[in-house]
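Take a look at the structure set out below.
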Amino acid sequence: MEALVASAIGILTAVGIYLTLRLRTFPVILGLTFLSYAVNLFLFASGRLAVNSAPILGRSETYSDPLPQALVLTAIVISFGMTAVMMMMAIGGHLQAGHDRIDLDARDETAGRGEGPEAGA
Amino acid sequence: MTPAFIVALPFLGAILPALAIRFGRNACALATGAVSLLALILLIQAAPAVLRGEVVQARIDWLPALGLNATFFLDGLGLLFAGLILGIGLLIILYARFYLAKSDPMGQFFTYLLLFQGAMLGIVLSDNILLLLVFWELTSLSSFLLIGYWKHLPEGRQGARMALAVTGGGGLAMIAGMLILGNIAGSYDLTVILTQKEAIQASDWYLPALILILLGAFTKSAQFPFHFWLPHAMAAPTPVSAYLHSATMVKAGIFLMARMWPVLAGTPEWFWIVSTAGLVTMVMAAKIAFFKDDLKALLAFSTVSHLGLITMLLGFGTKAAATVAVFHIINHATFKAALFMTAGIVDHEAHTRDLRRLGGLRTLMPVTFGIALLASLSMAGIPPLNGFLSKELMLEEAAHTVWLTPWAMGLLATIGAGFSVAYSFRFLAHGFLGPVRDDYPHRPHDPGPGLWAAPALLAALVVAIGLAPMLTAAWLVDVAAGAVTGAPVAVKISHWHGLYAPALWMSLAAVGGGLALLGAYPRLRALWDGVPRPEAKPMFDAVVAGLARLARGGAEGLHDGGFGRAVVLAVLAIAAAGLWAFLGGTHAAGTRVGLPTDAVVVAVWAVMLVAALAVPILHRNRVVALILTGVTGLLIAPLFMLFSAPDLALTQLSVEVVTILLMLLALHFLPKETPVESPAWRRLRDAGVAVIAGLGVGGLAWAMLTREAAFAPISAFHLAQSKPGAGGTNAVNTIIVDFRGYDTFGEIIVLGIAALVIFALAEALLRSPAVTSRLAAWPRARESGDRHPMMLVVATRLLLPMAMMVGVYIYLRGHNLPGGGFVAGLVFAIAYLMQYMASGYDWTHARQRFDHHVLIGWGVLVSILAGVGAWAFGLPFLTSGFEYVNLWPLEEFELATAAIFDLGVFLCVLGAVLLALASLSRLALRTGEQINRRAYDTEETP
Amino acid sequence: MSHWIIAPIVLPALVAAIMVTAFRGQLAAQRLLSLAAILGLNGIAWALLAAATQGPEAYFLGDWPAPFGIVLVLDRLSALMVVLLAGLALPVVLYAIGSGWDAKGAHFHPLLQFLLMGIGGAFLTGDAFNLFVFFEVLLIASYGLMIHGGGGARTRAGVQYIAFNLIGSSLFLLALALIYAVTGTLNMADLAVKLPTLPEGDAALLRTAAVLLILVFAIKGALVPLQFWLPGTYANAPGVVAAMFAVMTKIGAYATLRAGTLIFPADLPATGPLLSTLLQPAALVTLALGAAGVLGARTLPRLVAFGAIASMGTAFLAISAFTPQATTAALYYILHSTLATALMFLVADLVTRRRAHAGLDAPAPVAGSGPLAALFLVGAVAMVGMPPLSGFLGKLLVLDALRGQAGLVWSVVLVSSFVMILGFSRAGSLVFWKGGPSPSPAPHEPLALAAAFALLAGLVGLTVFAGPVTDWLAATAETLYAPQGYIAANRLEGGA
Amino acid sequence: MRRLFPHPYLTLTLIVLWFLLVNQWKIGSLVMAVILGTVIPLITSTWWPDRPRIQRPFALAAYAVLVLWDVIVANFQVARIVLFMPRDRIRSAWITVPLELTQPEAISLLAGTITMTPGTLTADMSACGRALLVHALHAPDPDAVRDDIKARYEARLQRIFA
Amino acid sequence: MILPHALTFFLAAIAVSLVLNLWRLATAPTLTDRIVTLDTMAVNAIALVVAYGIWAGTGLYLEVAVLFALTGFVGTVAYCKYLLRGSIIE
Amino acid sequence: MTPLLDTALDLFLSAILIGGGIFALVGSYGLLRLPRPMQRLHAPTKATTIGVGAALLVSALDLLGQGQISWQELLITLFLLLTAPVSALFLAKTLILRGEADPGMPDSGTGQPWATLAEERADP
Ligand code: NA
Ligand code: NA
C-alpha cells in the first residue's frame with residue numbers, strides 16, 4: 001500500500017509541476033492545486049499509513065498518528081485560501097491586460113523602459 | 001580633542017550655508033568662511049605643539065568590535081595638509097562668492113564644499129585607517145556632488161560619474177588593502193601600524209596590500225593609468241577645480257603614500273610601482289597638457305603631471321626625495337590654485353576658456369595677467385619662484401636615481417620638465433600675449449577685487465616662498481617631512497647648488513627645450529592632431545557601457561518576467577540540492593512492515609491517477625481540466641477516509657467543492673481554452689522537469705513510509721491527553737482547537753485575509769474604467785432562457801435548512817467525533833452558495849441579515865477572546881477549560897472553551913468563503929446581467 | 001510568565017479585526033487605530049528586547065508543555081527582529097498615511113496589521129510547523145498589500161509572486177513532513193536536543209529535510225537561483241508596500257540563522273557543514289547578480305529591488321559562515337539593509353509620483369527635488385555601503401569576519417560594491433540632475449517626507465551607535481552558538 | 001405563531017432530521033432539536049417567502065410509499081432495457097405533461113417524482129411553468145406515459161396541495 | 001455468513017463501476033457527458049464509503065457520505081449552471 | 001436474535017447487496033452502452049441510486065444487527081432523493097441548450113417555449 005501512496009504523491013507532483021510550467025494563469029493554478037494535493041498527501045504520510053484506526057478514542061484498538069492529520073487540515077485550509085486569492089488575481093490580470101499569460105513583459109513594468117542616450121554610462 | 005573638533009566643524013557647519021542663504025549671498029559665504037576660519041584658528045592654536053614635535057591626539061570609541069574608532073592625531077604631515085585645506089579653502093570661499101552666478105544655488109554649493117572640507121580634514125587627521133577610509137570615500141562622494149553641481153550640463157553628469165567610479169572604486173580596493181594591513185599589524189590605528197614596518201614588509205600579504213592601497217592612492221591622485229577622470233571633472237565650477245582638483249583632493253592619494261611611507265616604502269616593489277607610475281604620469285600628462293586648448297584642461301593635465309612628479313619622488317623611497325615631495329606639495333598648491341582661479345576669471349569675463357579664441361588679455365586684464373604670469377612662471381620652474389626651487393630639487397633627486405639605466409630617470413624627468421615649461425608658456429603666450437582680438441565672446445576686463453584677491457594672495461605666496469624659502473616654508477617642510485620619514489629633517493633650500501649640480505643643466509635644458517617646443521607648436525600640433533591616440537574617455541565609457549549592457553542582459557534578461565524559466569531553475573536547483581544532501585548521508589533501508597494492498601484502495605488510486613494524468617493531456621479545454629482536477633481532489637477524500645483520517649476526508653470534500661465553485665465562477669472571467677503556445681521541445685523539457693520533481697518527491701515519500709521515526713512521536717501525548725486534558729475523544733480535533741489551537745488561529749486568519757484580499761481586488765477592479773467597460777462588453781455564449789429554475793429554488797428551500805442542521809451537528813460533535821468548526825463553516829458556506837446559485841446574488845444578498853466582513857471580523861475576535869480569556873485565570877493564550885454540566889432535565893453535557901474558539905473558526909470560515917464568492921459575483925453583475933426581483937424565473941400563476 | 005510575548009501577534013490581529021468589523025470604510029478611524037497599534041507595538045517590542053537581554057523566555061500556548069504544544073520563545077534574536085519590524089512599521093504607516101497610498105484601495109490598514117502579526121509570529125515561534133503557518137499569514141497579507149490599488153502590471157506581477165510562493169510553501173511542507181517523519185517532533189528546541197542522537201541510518205533523510213528547509217528560507221531571502229520572484233514583485237508593488245517588504249526577505253535570513261544555529265549546527269553529525277557549503281556560493285552569486293541588476297536596471301524601483309537582492313547576498317554571505325563574529329556582522333547588516341532598502345523604496349516612490357514615470361532616463365525632471373535628491377544620495381550611500389553610513393560599517397564587519405576566505409569573498413563583495421556605485425550614481429544623476437521645469441507641481445506631503453527622514457534617522461542612529469549596537473549583537477550571536485538557554489526555556493518534557 | 005414558525009412542516013422535518021443525525025433519543029437532543037428547528041427556519045424563511053398550502057399532510061406519506069415502490073419496480077425495467085434491449089430498439093420519446101398544479105413546491109415534487117421513477121425524467125419546464133417536458137427512455141406509447149403521470153401522481157398531489 | 005462475501009462483491013462492483021466511469025470520463029464525446037459521469041461517480045463514491053463503513057464495522061464514515069451527497073449535487077448543478085449561463089451565481 | 005433470524009437477515013442483506021452492486025454496475029455500464037445522451041441520463045439517476053440505497057439499507061440494518069441504531073443512512077437517502085432530480089434537470093437542460101438532446105422536442109402546449117430555449121425575460 002505504501003508504494004501506491006508514494007507513487008500517487010510522485011505522479012500528482014509531476015502533474016502539478018508540468019501544469020505550473022504552462023504559459024497561462026489557469027493551468028498554473030490547476031498545477032499548484034495538484035502540487036498541494038501531493039504535498040498534503042506527503043504530509044499525511046509522515047504519520048505513516050494505517051487502516052481502521054481513526055484517532056477517535058474508543059472507536060478502534062489502534063490509533064493512527066493524529067498530529068499529521070491536524071497539520072494536513074491546516075495545510076488544506078491554507079492552500080484553499082491561497083488558491084482563491086491567486087484565482088482572483090488571475091481574473092484581475094486578465095480583466096486588466098486582456099490576456100491571461102503568466103509571463104510578464106516589458107510593457108508590464110509600472111513605467112516605461114527607455115533606452116536613452118546615457119543608458120549605458 | 002582639537003583634531004576631532006577640526007574635523008567635526010565643517011560637517012556641523014555644513015548646515016549653515018543652507019540656512020544662511022535666506023539672508024543673502026554674502027551671509028552665506030560669510031557663514032561658510034566663518035566655519036573654515038574657526039577650524040583654521042583651532043589648527044593654528046595646536047600648531048606650536050606640533051612644531052615642537054608633539055602629536056596631538058583625540059579618541060572617541062565608535063565601533064570597537066571592528067577596531068574602527070574615531071581616533072584623530074595631528075602631526076607635521078597632518079598640519080601641512082590641514083593648513084592647505086583650510087587656508088586654500090578660505091580663499092576658495094571668497095573666490096566662489098563672486099564667481100557663482102545669481103542663478104546658482106549658493107547654499108547648496110557651500111554645503112557641499114564644507115562637507116568636502118570636513119572629509120578632507122578627516123583623511124589627513126585620522127589616526128585609524130578604517131576611519132581614514134570613511135573620509136576617503138566621503139571625498140569621492142562630495143566631489144561627485146560638486147562636479148555635478150551644474151545639473152543642466154551633461155558633461156558635469158558624466159564627469160561626476162566617472163570621477164566617482166574611478167576614485168570610489170579605488171577606495172574599495174583600498175578597503176581590502178587596509179583590512180589586510182590592519183590584520184598584519186593587529187590594529188587599525190595608524191600610530192600602531194607605523195611602528196610595524198618589519199612585520200608588514202615581511203608578510204606574505206605585503207604585496208597584495210601594497211597594490212590595493214596604491215590602487216586607492218593612484219586613482220585619487222589621477223596617476224597613470226587612472227588619470228583620465230580628472231580632466232572631465234573640470235566640468236565643475238572653477239572654484240571646485242581649484243580646490244578639489246588641484247590643491248586638495250587629488251593630493252589625498254599623495255598624502256596617503258606619504259602617510260604610509262614609513263611602513264610601505266623602501267622595498268623594491270614600492271620603488272618600481274610608485275616611481276614608475278609617477279614618472280610615466282609626469283611625462284605623459286605634461287605632453288598632453290601642452291596640446292590642450294581649454295585652459296582648465298591644460299591645467300588639469302598639468303596637475304596630473306605634477307602629481308606624478310610628487311608620486312615619483314615618494315617612490316624613490318629616500319628621505320631626501322620624500323622631503324622634496326613635501327616641499328613640492330606646498331608649492332604646487334599655491335601656484336596651481338592661483339592658476340585655476342585665473343582661468344576661472346578669464347572664463348567668467350571672456351565667456352570662453354579656449355586658448356584658440358583668446359590672446360591679448362595682457363592689456364585688457366592687467367591684474368589677472370600679473371597673477372597668471374607669476375603663477376605660470378613658477379609652474380614652469382623659472383627662478384626665483386617657488387616652483388623652481390622644488391623642481392630643481394626634484395631633478396637633482398632624479399639624476400641620482402637608477403631606474404632601468406643610470407641616466408633614464410634623469411632624461412625622462414628633464415623631458416617632463418621641458419613639457420612643463422612649454423605648456424606654462426603656452427598658457428601665457430596664447431592666453432595673454434599677442435594682439436588684442438575683437439572676437440571674444442564677451443569683451444573681457446579685470447574683475448573686481450572679490451575675484452582676484454584670492455589668486456593674488458596665492459601669487460604673493462609664490463613669490464614669498466620663492467624669494468625666502470627658508471623663512472616661509474622650510475619650517476613646515478621640516479616638520480611635515482619629519483612626520484613622513486620618521487626622522488628629524490632640517491631642509492636646506494637654496495637657489496643655487498653650484499655648477500656641478502646636474503639639476504642646473506637639466507633645468508636649463510628643460511627651459512630651452514620648452515621654449516623650442518612652444519616655438520614649434522603649430523607643426524607639433526598638426527602632428528599631434530594627425531596621429532590617432534587612444535582616448536581614455538571613450539574607452540572608459542565603452543567599458544562601463546559594456547558592463548551595463550552585460551548587467552542589463554544578465555540581470556534584466558534573466559528577470560524579464562518569464563515565469564516558466566524561474567520555476568524550472570528553481571525545481572532543478574531544489575532537486576539537485578536535495579539529491580546532493582541525500583547522497584551525502586547514510587540511508588538505512590526501511591524495515592517498516594507495509595500494509596497489505598486493498599482492492600478498494602487500488603481502485604480509488606487508479607481512478608484518481610488516471611484523472612490526474614489526463615489533465616496534462618486534456619488541459620486545453622479548461623472546463624474539462626477543472627472537472628478532472630475536481631475528480632482527483634474529490635477522490636483524495638475517500639483515500640483519507642480509507643487511511644483512517646475521517647476529519648481529513650470531510651475537510652477535503654468540503655474544501656474541494658468550494659474550490660470547484662470558486663474556479664467555475666472564475667472561469668467565467670477567463671478564456672475558456674488554453675492555446676497551444678509552447679513548442680514541442682519546451683513541453684518535453686517541462687515534462688522532464690516534472691518527472692524529476694515527481695521522482696524526487698515520490699522517492700522521498702517511499703523512503704519515509706517504509707521507515708519508523710527515530711524517536712517516539714510527540715503525538716502519543718496528544719492521544720493520551722485528548723480526553724483527560726482537552727476533554728475530547730477526537731484527537732485530531734483536540735489538536736486543532738487545543739494542543740495546537742494557535743496554528744488554527746493563524747490558519748483562520750489566513751482565510752480571513754484571503755477574503756479581504758479578494759474583496760479589495762474586486763473593489764480595485766470595479767473602480768477601473770477599463771475593467772468595467774471590458775466587463776460590460778463581456779462576450780456571452782448562447783444561454784439558457786431561465787436563470788433561476790424553479791426546481792432548484794424549491795429544493796434549496798429544503799436543502800439550506802437541512803444543510804445548516806448538518807453543519808450545526810458537525811460543529812457540535814467535532815470535539816468527540818469527526819467534524820468541527822471548520823467543516824461546519826464550510827457546510828454552511830456551501831448551503832449559502834446553493835442559495836446564491838438558486839436565486840441569484842442580488843436577490844439572495846438583499847435578504848441576508850449579516851455582513852460578510854463583520855462575520856470574519858467577529859470570527860477573529862471570538863477566537864482572540866477565547867484565547868485571551870485564559871489571561872483572566874493567569875493562564876497563557878488559548879488555554880482551554882472544560883466542564884461537564886448537569887442541567888435538568890438535560891443529561892450531562894460538556895461545555896468547553898475550545899468550543900468558543902471553534903465558533904470563531906466557524907464564523908471566520910463562513911465569512912471568508914461568502915465574502916470571496918460575493919466579490920466574484922459582484923464582478924459578474926457588471927457583465928450586463930439583470931437583477932432578478934423574484935426567487936425564480938417561472939411565471940407564477942395566480 | 002509574561003503574556004507580553006504574544007502581544008506582537010494578538011495586538012495587530014485584534015486591531016485588524018476591529019477595523020474590519022467596526023470601522024470598515026472609515027479611513028480616518030483606521031489610520032488612527034493603525035498608528036496607535038504600531039506605536040504600541042514599538043513599545044512592546046522594546047520592552048521585549050529589554051526582557052530578552054536578561055535571558056530567553058518561553059510562552060506555552062494553551063498551557064501545554066513543550067514539545068507537545070506550541071511555544072513562543074523570546075530570545076535576543078527574536079526580540080531584535082520584532083524591534084526591527086516595529087521600527088520599520090512606524091515610518092511605513094506614516095508614509096502610507098502621508099502619501100495617501102492607504103486610500104487607494106480597500107483594507108490597507110487591516111492587511112498591514114495582519115502582515116505585522118504574521119511576521120511577528122514568525123520571529124517569535126519556537127515551533128517548526130507554526131513557523132509555516134505564520135509564513136502563510138504574512139505571505140497572504142503581503143499578496144493583498146502587493147496588489148493594493150490594483151492596476152494590470154501590478155496584479156499580473158502579483159500572480160507570479162503568489163505562484164512562486166505557493167511552490168515555496170509546498171516545499172516547506174515537504175521539509176516539515178520529513179522532519180516529523182524522521183524525528184516525531186516539531187518543537188525546534190526538542191529537535192536541537194534529539195538530533196545529535198539520531199541513528200546514522202536516518203542521516204540521509206534528515207539532510208534532505210534540512211536542505212529543503214533552508215531552500216524555503218532561501219526563497220524568502222531571494223537567494224539565487226530562487227530569487228526570481230523579487231524584482232517583479234518589489235518593483236510593481238506600491239512603494240510603501242515595497243518598503244515594508246524590506247523586512248520580509250530578512251525573515252528568510254532570520255529563519256536560516258535560527259535553523260543553522262539551533263537545529264542544524266555545524267557540529268551535528270548528520271548534517272555537518274551542509275548549510276555553509278550550500279549557502280556560501282549561492283550568497284556570492286546573489287550578491288553579484290544583485291549588483292549587476294543595479295547597474296542594468298531600467299527603472300528606479302527595479303534598481304532598488306536589485307539592491308535588495310544584493311543586500312541579501314551580503315547578509316547570507318555572513319550568515320553562511322556560522323561563526324559568532326560573522327553572525328554579529330550579519331545581524332548588523334540585516335538591521336541596516338532593512339532600513340536602507342525601505343528608505344530607497346520610499347524615495348523611488350516619491351520620485352515616481354513626482355514625475356509620473358519610473359523610467360530612469362525619463363526626460364521629466366523631478367518636482368521639488370532638493371530634499372529628495374538628498375534622501376536618494378544618502379540612501380544610495382547606505383545601500384551600496386559607502387562611508388560613512390551603516391552600510392559601510394556593516395560591509396566592513398562582514399569583510400572582517402570573513403577574512404578567512406578573503407580572496408574570493410572580498411573580491412566579490414568589493415567588485416559588487418563598485419558595480420553598485422556605478423549603477424546608483426548613474427541612476428541618481430539621470431533622475432535628479434536635470435534642468436527645466438517639472439511637468440507637475442510637487443505634492444505637499446510633509447508626513448511622507450518625514451517618514452522617509454525617520455528611516456534616514458534610523459540609519460544615522462545605527463551608524464553613530466554602531467559600537468553599543470554591535471556589542472549587543474555580539475552577545476546575541478554568542479547565545480545563538482550556545483543555545484542551552486534557549487533549550488532550557490522550553491522546559492522540555494519527555495524528550496531526550 | 002406564524003412569525004415564530006414561518007414553516008411549521010420544515011420545523012418538524014428539522015426536528016426529525018436532528019434525531020436522525022444524533023442517533024439518540026434523549027431529552028437534551030429534543031431540546032436542541034426544537035431550538036434548531038425554530039431558529040434555522042427563522043433564518044432561512046427570508047428566502048422562502050410564502051408558505052406552501054398543504055391540506056392533507058398524511059396523504060403525503062402515502063404518496064411517498066407509492067413512489068418508493070414505483071422506484072423499485074421501475075428500476076428492474078430500466079436495468080432490463082440497459083442490459084438486454086438492442087440499442088436500435090430502444091424507443092425514447094419526449095412527452096409534454098401539461099400541469100394543473102400551481103404551487104411551486106407541488107410542481108417540483110411532481111417533477112422530482114417523474115425523475116426518480118426510472119424510465120422517465122423531467123428535462124425542462126415551459127417558461128410559464130404550466131407544462132413539464134419529460135423524456136422517457138423507452139416509451140412506445142408516449143401518451144400513455146403522460147396519462148399515467150397525470151393520473152398516478154399529479155392527481156394525488158393536487159389533493160395534497162390545495 | 002455470506003454477508004462478507006456479498007460485501008466484497010458489492011465493493012468490487014462499485015470499484016468496477018468507478019473504473020467504468022473513469023473510462024467514460026476519458027472517452028466521453030461531450031462535456032455534458034463528463035458531468036453526467038461525474039454525477040455518477042459521486043453516487044458511486046457514496047456507495048463505496050458506506051460499504052467500506054460496513055466492512056470496517058464503524059459508523060464514523062457516514063458523515064463523509066453525507067457530505068459527498070451534498071457536494072456531488074452542488075458540483076453537478078454548478079457545472080451545468082456554468083454551461084447554461086456562464087456565470088454560476090448571477 | 002435467533003440463529004434462524006440471523007441467517008435470514010444475513011441472506012436478506014446479502015441479496016440486497018448483490019442486487020445493489022449489480023444495479024450500480026448497470027448504471028455505470030449504461031453510461032457506456034446507451035447510444036444517445038438523453039438516454040444516458042437515465043442510467044445514473046436510476047440504477048446508481050438503487051445501488052446506494054442498497055448499501056445504505058444494509059448499513060442501517062447491519063448496524064441494527066450489531067445492536068446499534070443508525071439513522072444517518074436515512075438522511076443520506078433523503079438528500080439523494082431531494083437532489084438527484086435537480087441534477088438530472090440541469091443535465092437535461094444543458095443537453096437541450098447545447099443541442100445534444102434528442103431531436104423532435106414537442107411543443108409545451110402553453111403557448112410559451114421551454115424555459116431553456118426561451119428568450120431571457122426581464123423581471124417586471
Ligand atoms: Na485546522
Ligand atoms: Na487550548
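Chain letters run A, B, ... following the sequence lines, proteins first and then strands; every chain starts at 1.
Contacts with chain A were tallied for C:Pro301, C:Ala177, C:Gly184; C:Ala177 has the most, counting heavy-atom pairs under 4.5 Å. Most heavy-atom pairs under 4.5 Å with chain C, from the set A:Asn40, A:Leu95, A:Asp65: that is A:Asp65. With chain C as partner, the option from A:Ala45, A:Gly93, A:Gly98 having the largest number of non-hydrogen pairs under 4.5 angstrom is A:Gly93. If you tally non-hydrogen atom pairs under 4.5 Å between each of A:Leu71, A:Asp100, A:Thr83, A:Leu43 and chain C, the highest count goes to A:Leu71. The candidate with the highest count of non-hydrogen atom pairs below 4.5 Å against chain A, out of C:Gly151, C:Gly158, C:Gly144, is C:Gly151.
C:Leu186 contributes atom CG, which lies 5.5 Å from atom CG of A:Leu67 (distance to the nearest 0.5 angstrom). Taking CD1 of A:Ile78 as the start and CG of C:Leu173 as the end, the distance is 8.0 Å to the nearest 0.5 Å. Of the inter-residue distances, the one linking C:Leu166 atom CG with A:Met82 atom CE reads 6.5 Å to the nearest 0.5 angstrom. The CD1 atom of C:Ile162 sits 12.0 Å away from the CE atom of A:Met88 when rounded to the nearest 0.5 Å.
Heavy atoms of C:Ile147 lying under 4.5 Å from chain A belong exclusively to its side chain. For C:Phe132, the part sitting under 4.5 Å from any heavy atom of chain A is the side chain, from C-beta outward, and nothing else. Within the 4.5 angstrom heavy-atom criterion, no atom of C:Leu300 approaches chain A. When heavy atoms are compared at a cutoff of 4.5 Å, A:Ile102 approaches chain C by way of both its backbone and its side chain. The parts of C:Tyr143 that come within reach of chain A are both its backbone and its side chain, each placing non-hydrogen atoms under 4.5 angstrom from that chain.
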Show every donor-acceptor pair shorter than 3.5 Å between a side-chain atom in residues 11-21 of chain A and any protein atom, with sequence neighbours excluded, or say none if there are none.
from: A:Thr13; atom 1: OG1; to: A:Ile9; atom 2: O; distance (Å): 2.7
from: A:Thr20; atom 1: OG1; to: A:Gly16; atom 2: O; distance (Å): 2.6

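Under a 3.5 Å cut-off, the side chain of C:Arg156 and the backbone N or O of A:His94 do not form any donor-acceptor pair.
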